[in-house]
Amino acid sequence: MSQNPFMVGTLEQNTIVVRVGHDPDAPHIGTLTIDDWTVKCAVGRNGLVEPQHKRESDGKTPIGRYPLRYGFYDPDVFGDEPRGFDFPFLPKPPNYRWIEDRDSPFYNQLVFETDETQPSRRGERLFDLFIPVGWNDSITAAAGGSAIFMHAARPDYSGTAGCVVVAHGDLLELGRRLRPGMVIDIAPLNHAARPLAALVAEAPQSIESVTFHGLRPGPKVIVTGAVHGNEPAGPYAISRLIAEFRTGARQLERGTLTFVPVVNGLAFRQHTRMGDRNLNRDMFESAIPQDNEDRVANVLCPLLRAHDVLIDLHSFSGEGEAFGLIGPKDNTGPLEPFAHADAEVALVKAMNLPLVVHGWLAGHEKALRQKQAAGVTGLSSLHGVGTTEFMRFAGGYGVTVECGQHLAPDAPQVGYDCVVNGLAHLGMISSPAPEIRLPRALEITDVILADHEEDRLVRQFGTGEEISEGDVIGFRADGGKIVAPYDGAVIFAGKTATVNTELCYLCKISSRLG
């Protein structure tokens, strides 16, 4: 492959330059350059990711500059030639593995197997010669990503789990060109060098927001991600959008647009749903904050009040199709008074999601009354208030977008498309209008609580999975059947639940969206 003249010479000579983005139809394909030598390479199957957003098993390669300290080779393939290279190479041990279990004290470390009954790792052609990349290995952050290497590509240059790969025939030349102290610089095409990046162990003490101001008046829209820390689709989609607006690939034509890629930084760093508690419950400002989520809410709530519309990107743990959550019809009742139902429905329709759900706060109230009847104390309607509920309380409106399963490859694209379609609908950007399909609509109508710790559903129901009246959907601890009372669907389901908590919510088909 030809040399990339934009990058060569812009970095110090002790750098391997990896640039990705030559082919929009193959976002994992790039080039690897050392001095005047450039070859084709491949990276994570899902492309690149900002280092603070890298997660275990996401199929992405972190952007940044990372050290290369040593390498391994298979002497059965290359003999002893790599021992004479300037870069320190060692013979590949017969039995070894890299620990990818985030709960292990050896997470992201090389472990030599001593159990002779374990099969040898020798002979894996993709790893005839490989170099560990110094990612997340000084102060490891659990679930921050492990086992990132440089090694051989498959013949079709298919995307990796996060590694950087070149043709098997280029391995020896790569090894010859490596020098002690070398770093690898990974970035999108034509991006300049970046400082060495690594995850830090301590909790973030700030929240990043990025705002673009159109030169003509228009709506004030805020887009949020990672309200729950184990939901990476939002940050991925938002980071992509920020980059597009910064580079001019997209233009904000009117209004104000604010992005908050990671709302709950502590939970995101921990790769957990929450830091100290669930931020998407009891969402309000605290005069005397008691925990991480109180402090986050004290920043987020004023941001929400300063905008007209919220698009909040989430994902879920089970299987099922992406869906949007909206609020109630216009009303002046005590639970969730609202005056922008038509605008909210129009926005969610424009997002072109296959499923839309409404009735959350009313369903939560039903669950609260059932829990109170069972003797549970200390309950409050506020526990059902999250970002979009707060937005409606503050006079605006919003849509929660559940982009799909947490690590589904298409979940970030779903979030991205929903934001783009929403902004186009609001007249803030120019974008081709998608062919609108009328989504299936469900209304949350009932809740099933666990009466005993051994109560269970018959299976892990997918989000919005349809059920028919009389279907057995679970069993009580005493063997009694949990039967569907009507035709409808299941949502927010867990196969098991603790006593007096939700096994699932039941929905009826809704005609509200037309």
Side-chain angles (χ1 to χ4, degrees), residues 27 46-47 49-50 53 207-214 218-228 231-263 280 300 303-304 306-316 321-327 340 343-356 386-388 391 396-404 406 408-437 439:
N46 293 322
V49 63
E50 291 290 340
H53 298 161
I207 297 175
E208 178 189 38
S209 65
V210 178
T211 301
F212 298 89
H213 300 275
K220 299 181 180 69
V221 175
I222 182 170
V223 183
T224 52
V227 166
H228 295 133
E231 301 177 4
Y236 293 158
I238 291 171
S239 295
R240 176 181 171 188
L241 286 160
I242 289 172
E244 290 182 352
F245 280 101
R246 280 177 170 164
T247 61
R250 288 196 182 276
Q251 294 284 346
L252 183 66
E253 299 176 2
R254 57 192 292 262
T256 301
L257 177 59
T258 298
F259 293 107
V260 186
V262 176
V263 170
N280 223 26
L300 183 61
L303 273 175
L304 296 178
H307 292 79
D308 306 316
V309 183
L310 166 67
I311 301 174
D312 191 17
L313 303 181
H314 286 256
S315 58
F316 46 84
E321 58 190 354
F323 66 98
L325 276 166
I326 60 173
H340 301 294
E344 198 171 83
V345 166
L347 176 62
V348 79
K349 281 184 176 180
M351 291 177 175
N352 218 17
L353 289 160
L355 173 66
V356 174
T387 52
T388 47
M391 194 69 188
Y397 63 94
V399 174
T400 298
V401 178
E402 296 283 354
C403 301
H406 293 324
D410 63 341
Q413 184 67 47
V414 170
Y416 173 90
D417 290 342
C418 283
V419 176
V420 169
N421 291 342
L423 295 177
H425 162 75
L426 294 168
M428 300 174 72
I429 65 171
S430 294
S431 180
E435 182 180 348
I436 299 298
R437 54 186 175 182

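As a basis for the values below, the full set of heavy atoms in this structure was taken, side chains included, without hydrogen atoms, waters or symmetry mates.
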Quick one: does any side-chain atom of [X] pair with a main-chain N or O of [Y] as donor and acceptor, under 3.5 Å?
X: Asp308; Y: Gly396; value: no
X: Glu402; Y: Phe323; value: no
X: Glu344; Y: Gly327; value: yes
X: Asp417; Y: Met351; value: no
X: Arg240; Y: Gln413; value: no

Atom [atom1] of [X] and atom [atom2] of [Y]: how far apart are they, to the nearest 0.5 Å?
X: Ser315; Y: Tyr236; atom1: OG; atom2: OH; result: 10.0 Å
X: Thr258; Y: Ile238; atom1: OG1; atom2: CD1; result: 11.0 Å
X: Ile326; Y: Leu347; atom1: CD1; atom2: CG; result: 9.5 Å
X: Thr256; Y: Ile222; atom1: OG1; atom2: CD1; result: 11.5 Å
X: Leu241; Y: Leu423; atom1: CG; atom2: CG; result: 7.5 Å
X: His406; Y: His314; atom1: NE2; atom2: NE2; result: 11.0 Å

4.5 Å side-chain heavy-atom contact, [X] and [Y]:
X: Cys418; Y: Leu353; answer: yes
X: Val210; Y: Arg246; answer: yes
X: Phe212; Y: Arg250; answer: no
X: Met391; Y: His307; answer: yes

Practice problem: Take Leu252 and His213 through the test side chain to side chain contact (heavy atoms under 4.5 Å, CB included) and record every step on the way to the result. | Solution: CA-CA 7 Å; Leu252 183 66; His213 300 275; 5.7 Å; no

Can you name the closest pair of heavy atoms from [X] and [Y] and give their distance?
X: Ile242; Y: Pro261; answer: CD1-CG, 3.8 Å
X: Met428; Y: Pro219; answer: CE-O, 3.6 Å
X: Gln251; Y: Ile429; answer: O-CG2, 3.5 Å
X: Ser431; Y: Ala424; answer: CB-CB, 4.0 Å
X: Val262; Y: Ile207; answer: O-CG2, 3.9 Å
X: Leu313; Y: Gly234; answer: CB-CA, 3.7 Å

Exercise. Please name all residues satisfying side-chain contact (heavy atoms from CB on, under 4.5 Å) with Ala306, sequence neighbours left out, ordered by chain then number.
Key: none

Quiz item: side-chain contact (heavy atoms from CB on, under 4.5 Å) with Glu253: which residues, sequence neighbours excluded?
Solution: Arg216, Ser430

Exercise. Evaluate the side chain to side chain contact (heavy atoms under 4.5 Å, CB included) criterion for residues Thr387 and Leu310: first the C-alpha distance (whole Å), next the side-chain angles of each, then the deciding distance (0.1 Å), finally the verdict.
Key: CA-CA 8 Å; Thr387 52; Leu310 166 67; 3.7 Å; yes

Quiz item: Parallel, tilted or perpendicular: which describes the rings of Phe245 and Phe259, with under 30° parallel and over 60° perpendicular?
Solution: tilted

Quiz prompt | Derivation of the side chain to side chain contact (heavy atoms under 4.5 Å, CB included) call for Thr388 and Leu325 | solution = CA-CA 9 Å; Thr388 47; Leu325 276 166; over 6 Å; no

